[in-house]
Amino acid sequence: MSSKQEAKAKPLNRATDTDRHVGARIRERRIMLGLSQQQMADLIGVTYQQAHKYERGINRISAGRLYEISQVLGVPVSYFFEGLEGQRSPDLTARQRMCLELARNFSQIENERHQEALSQMARALASAERGAA
């Protein structure tokens, strides 16, 4: 193999932008559900380190494992590929990060009355903002 061909050769097990996109979508959904990486790892039967590598797009996810993850996260497998056509960046904006953090914190509130009160407050603030605009 010439040095030119070697430079073009890519390791077969190397993660791609698609792997990173899928990993970012897994992380977003996990956070929305209020699950830690350790809880997610336990639910899909892998180590914390492996779950972390999946989310970072460092390790590729087999079709069977992706199906398991979709079942645990309550979404169809296609969910992980949404937005891939536009090649959106897996890096979240500050606003997206805040929304995910809010969703995670909300899901950890066990008292339903507190959840409802917080939800009503958010609706009232959103209505006030719309009215002021």
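Worth saying up front: this structure is predicted, and the values here are computed from it rather than measured.
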So, Y48 and Q37: side-chain donor and acceptor under 3.5 Å apart, yes or no?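 The answer is yes; a qualifying pair exists.
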Assess the side chains of D42 and Q38: does a donor N or O sit below 3.5 Å from an acceptor N or O?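 Per modelled atom types, D42 and Q38 side chains form a pair under 3.5 Å.
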Give a yes or no on whether the backbone of H52 and the side-chain of E55 come within a donor-acceptor separation of less than 3.5 Å.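 Judged by distance alone, no pair lies under 3.5 Å.
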Please enumerate all residues that pass side chain to side chain contact (heavy atoms under 4.5 Å, CB included) together with [X], with sequence neighbours excluded.
| X | answer |
| --- | --- |
| Y67 | S70, Q71, V77 |
| E101 | R104, N105 |
| E110 | none |
| T47 | Q49, Q50 |

I'd like to know if E129 pairs up with R123 as an ion pair, taking the criterion as any Lys NZ or Arg NE/NH1/NH2 lying under 4.0 Å from an Asp or Glu carboxylate oxygen.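 Answer for the salt bridge query: no.
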Is any NZ, NE, NH1 or NH2 atom of the basic residue among R65 and E68 found under 4.0 Å from an Asp or Glu carboxylate oxygen of the other?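 Looking at R65 and E68, the cut-off is met.
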Quick one: are [X] and [Y] in side-chain contact, heavy atoms under 4.5 Å?
| X | Y | value |
| --- | --- | --- |
| V22 | Y54 | no |
| I31 | R27 | yes |
| V75 | I69 | no |
| I61 | I26 | yes |

Residues two or more places apart in sequence or in another chain: which of them pass side-chain hydrogen bond (donor to acceptor under 3.5 Å, both in side chains) with S107?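 Here no residue qualifies.
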For the residue pair L73 and M40, what are the closest heavy atoms and their distance?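 Looking at all heavy atoms of both residues, the shortest contact is CD2-SD, 3.8 Å.
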State, to 0.1 Å, how close R30 and L35 come at their nearest heavy-atom pair, and which atoms those are.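 That closest heavy-atom pairing would be NH1-O, 2.7 Å.
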Taking everything shown except E112 itself, do over 12 heavy atoms lie less than 6.0 Å from its CD?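 Counting other residues, nucleotides and ligands, CD of E112 stays at 12 neighbours or fewer.
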From [atom1] ([X]) to [atom2] ([Y]), nearest 0.5 Å:
| X | Y | atom1 | atom2 | answer |
| --- | --- | --- | --- | --- |
| R60 | T16 | CZ | OG1 | 5.0 Å |
| T93 | R97 | OG1 | CZ | 7.0 Å |
| R20 | L84 | CZ | CG | 11.5 Å |

May I ask you to check if R25 and Y79 form a cation-pi contact, with NZ or CZ under 6.0 angstrom from the six-membered ring centre and within 45° of the axis?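 Cation-pi check for R25 and Y79: passes.
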In the hydrophobic cluster built from side-chain contacts under 4.5 Å, what are the other members alongside I109?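 Grouped by the 4.5 Å side-chain rule, F106, L118, M121, L125 form the rest of the cluster around I109.
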